[in-house]
Protein chains: 2
Amino acid sequence: MSTATTPTDKRQAILEAAFRTFARDGYGQSCVREIAEEAEVAKPTIYNRLGDKETLFREAMKAAVEHTAERSLNALEPLRTPGGDMRSALEETGLLLLRSHACQESRALRRLLSAEGARFPELLEEVQRAGAQRVQDALADRFARLALAKRLDTTDVERAGEQFLALLTGPMELRSALGTRAVPDEELQAVAEAAVDTFLLAYAPRDPG
Amino acid sequence: MSTATTPTDKRQAILEAAFRTFARDGYGQSCVREIAEEAEVAKPTIYNRLGDKETLFREAMKAAVEHTAERSLNALEPLRTPGGDMRSALEETGLLLLRSHACQESRALRRLLSAEGARFPELLEEVQRAGAQRVQDALADRFARLALAKRLDTTDVERAGEQFLALLTGPMELRSALGTRAVPDEELQAVAEAAVDTFLLAYAPRDPG
DNA sequence: GAATTATTGAACCGTGCGGTTCATACTTCG
DNA sequence: CGAAGTATGAACCGCACGGTTCAATAATTC
């Protein structure tokens with residue numbers, strides 16, 4: 001049984017509050033006192049459980065990338081079905097990927113990582129590997145199966161995956177004002193559709209003859 | 001006549017030093033004393049000429065976007081010639097765009113803008129308009145001319161420009177570790193080539209029949 | 001219910017920051 | 001040369017921060 005404030009995982013509450021605060025104010029402008037308030041926890045508790053501000057930041061980032069990466073990986077499921085036409089599967093995956101890419105947490109994660117990555121190189125490496133790199137690899141896996149089944153025409157599935165993601169997320173940079181403002185879902189759909197159009201023109205198998 | 005330290009444009013030296021410092025340490029971690037040292041200038045001089053730290057940041061960012069945007073706009077020149085084949089013109093423009101996108105100043109500008117943009121909304125707006133948006137518009141202009149001359153097959157030149165840029169810069173996010181590490185020029189060439197390949201498969205006019 | 005552990009708030013410390021003051025020195029130009 | 005304006009460095013102010021201490025209190029465990 002747990003009381004109102006769950007007992008053990010107060011650590012998680014701290015991490016979530018830390019991420020919210022860092023995301024809102026940036027690392028340099030965030031102060032531990034505010035994080036403590038946000039987590040409804042005393043300041044010494046933070047230092048007891050997580051050491052100094054830097055490790056607090058690291059742990060919060062690592063926790064955040066787990067959520068977002070999982071959501072992106074789930075977005076690749078429609079590509080697993082060999083049945084159904086290619087276009088609709090790609091469009092569904094594309095839209096799901098874009099929703100994941102455009103969500104609050106994901107945008108904040110990239111913003112913070114890009115801002116502080118130079119000062120936390122190992123963290124940058126780890127988060128990239130657990131996030132974007134993992135998604136791109138998984139997408140290349142899907143494309144490999146599809147190429148083998150002659151549903152896609154390519155010999156370089158890494159390149160195909162990289163470009164599919166580029167067509168999806170590249171346009172978001174400007175549209176979301178570098179991740180600082182939300183983008184309506186209809187716009188995500190339009191971007192996904194345009195990306196799939198272009199991708200298929202380049203990668204759909206041509207009719208023989 | 002000017003002495004070793006040019007007299008009037010000490011202001012510019014301050015702005016450049018400020019941008020270097022902000023780029024290296026981030027806004028929150030930069031202190032005015034260090035900027036003053038970097039600019040070889042006394043601290044009160046900074047406050048005399050540019051007011052507080054926030055306006056110093058704003059001015060430094062605005063100054064930086066001018067350089068980078070101009071370089072990107074110059075990259076579009078090869079597309080102005082109607083002669084020569086499409087592929088080589090696109091490849092040259094693509095490589096020049098990538099070099100501009102991947103250069104130190106440009107990466108730092110995007111990093112800082114994405115990090116602090118939420119707290120400086122008007123600055124974000126202004127820099128985006130003077131930078132990425134302007135380049136994208138100019139590219140759409142070039143594509144419009146090329147479409148009119150039947151060198152490209154599209155009715156939506158904004159979309160074509162957006163996707164061309166996406167194919168170029170999208171892959172750089174992961175490859176440059178969110179702009180924190182430099183990318184060798186051969187890799188830029190490979191990305192540009194791949195982007196042009198895919199772009200042409202989607203946007204080159206098909207032979208009639 | 002006693003003993004152990006974790007949590008709390010409040011006060012505290014040292015430090016480095018943004019920003020200002022001021023007297024001195026330097027430059028510029030008449 | 002002399003006057004006006006500007007740059008300089010050093011000291012200074014107030015403040016908020018990261019991090020710690022401590023006594024009091026709540027929660028857990030047996």
Side-chain angles (χ1 to χ4, degrees), chain A residues 1-63 112 115-116 118-120 123, chain B residues 1-63 112 115-116 118-120 123:
Chain A
M1 215 46 164
S2 56
T3 62
T5 63
T6 42
T8 349
D9 51 16
K10 194 161 284 192
R11 181 191 153 104
Q12 196 182 343
I14 294 174
L15 288 181
E16 286 172 13
F19 187 79
R20 274 198 305 274
T21 307
F22 287 139
R24 180 177 359 103
D25 300 336
Y27 177 78
Q29 283 79 19
S30 297
C31 68
V32 180
R33 180 192 55 78
E34 201 177 350
I35 295 175
E37 283 178 10
E38 184 102 8
E40 290 175 319
V41 139
K43 195 165 65 143
T45 308
I46 292 187
Y47 284 96
N48 281 343
R49 314 274 278 218
L50 287 151
D52 58 5
K53 189 184 176 187
E54 287 198 3
T55 59
L56 181 57
F57 179 67
R58 272 184 256 260
E59 295 304 313
M61 295 286 280
K62 290 191 220 166
L112 282 170
E116 313 297 335
R119 224 166 314 107
F120 299 90
L123 177 69
Chain B
M1 215 47 163
S2 55
T3 62
T5 63
T6 41
T8 350
D9 51 16
K10 194 162 284 195
R11 180 191 154 104
Q12 196 182 345
I14 294 174
L15 288 182
E16 286 172 13
F19 187 78
R20 273 197 306 273
T21 307
F22 287 139
R24 180 178 359 103
D25 301 336
Y27 178 79
Q29 283 79 18
S30 297
C31 69
V32 180
R33 179 192 55 78
E34 201 177 349
I35 295 176
E37 283 178 11
E38 183 101 10
E40 291 175 319
V41 139
K43 196 164 65 142
T45 308
I46 292 186
Y47 285 96
N48 281 343
R49 313 274 278 219
L50 286 150
D52 58 5
K53 190 184 174 187
E54 287 199 4
T55 59
L56 180 56
F57 180 67
R58 271 185 257 260
E59 294 304 312
M61 295 286 281
K62 289 192 221 166
L112 283 170
E116 313 297 336
R119 223 166 315 105
F120 299 89
L123 177 68

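Proteins get letters first, then strands, A, B, ... in listed order; numbering begins at 1 in each. Hydrogens, waters and symmetry mates play no part in the numbers below; they use all other heavy atoms, side chains included.
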Rounded to whole Å, how long is the line connecting atom [atom1] of [X] with atom [atom2] of [N]?
X: L56(A); N: dC17(D); atom1: CG; atom2: P; answer: 15 Å
X: D52(A); N: dT20(D); atom1: CG; atom2: P; answer: 8 Å
X: F57(B); N: dG19(C); atom1: CZ; atom2: C1'; answer: 19 Å
X: Y47(B); N: dG19(C); atom1: OH; atom2: P; answer: 4 Å
X: E40(A); N: dA26(D); atom1: CD; atom2: C1'; answer: 17 Å
X: N48(B); N: dT6(D); atom1: CG; atom2: P; answer: 9 Å
X: R11(B); N: dA7(D); atom1: CZ; atom2: P; answer: 13 Å
X: E54(B); N: dC17(C); atom1: CD; atom2: P; answer: 17 Å

On DNA chain D, check which nucleotide each of V41(B) and Q29(A) is closest to and give me the residue with the more 5' one.
->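 Its nearest nucleotide being more 5', the pick is V41(B).
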
Report the residue (R33(A) or P44(A)) whose heavy-atom-nearest nucleotide on DNA chain D is the more 5′ of the two.
->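 By nearest-heavy-atom nucleotide position, the 5'-most residue is R33(A).
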
When you check the side-chain N and O atoms of D52(A) and T55(A), is any donor under 3.5 Å from an acceptor?
-> yes

Give a yes/no answer on whether the side chain of [X] brings an N or O atom under 4.0 Å of OP1 or OP2 in [N].
X: K10(B); N: dT8(D); value: yes
X: R49(A); N: dA6(C); value: no
X: T45(A); N: dT8(C); value: yes

Please list every donor-acceptor pair under 3.5 Å in which a side-chain atom of residues 13-26 of chain B meets a protein atom from a residue at least two apart or in another chain.
from	atom 1	to	atom 2	distance (Å)
E16(B)	OE2	Q12(B)	NE2	3.2
R20(B)	NE	E38(B)	OE2	2.8
T21(B)	OG1	A17(B)	O	2.8
R24(B)	NH1	E34(B)	OE2	3.1
R24(B)	NH2	E38(B)	OE1	2.9

To the nearest 0.5 angstrom, please state how far the CD atom of E59(B) sits from the CG atom of L123(B).
-> 9.0 Å

Going from CG on L112(A) to CE on M61(A), what distance comes out if it is rounded to the nearest 0.5 angstrom?
->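 Here the rounded value is 5.0 Å.
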
Between the main-chain N or O of Y27(A) and the side-chain N or O of K53(A), is there a donor-acceptor pair closer than 3.5 Å?
-> yes

Quick one: does E116(A)'s side chain get under 4.5 Å of Q29(B)'s, heavy atoms only?
->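 A side-chain contact exists here, since the closest heavy-atom pair is under 4.5 Å.
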
Taking for each residue the nucleotide of DNA chain C with the nearest heavy atom, is it E34(B) or A42(A) whose nucleotide lies nearer the 5' end?
->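 Comparing both residues, the 5'-ward one is A42(A).
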
Can you label the angle between the F57(A) ring and the F120(A) ring as parallel, tilted or perpendicular, going by 30° and 60°?
->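 Ring orientation, 0 to 90° scale: tilted.
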
Enter the inter-axis angle for the ends of the helix from dG1(C)-dC30(D) to dG30(C)-dC1(D) (five pairs per end, rounded to 10°).
-> 30°

Does any N or O donor sit under 3.5 Å from an N or O acceptor when you compare the side chain of K43(B) with the base of dG9(D)?
->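 Donor-acceptor pair under 3.5 Å: no.
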
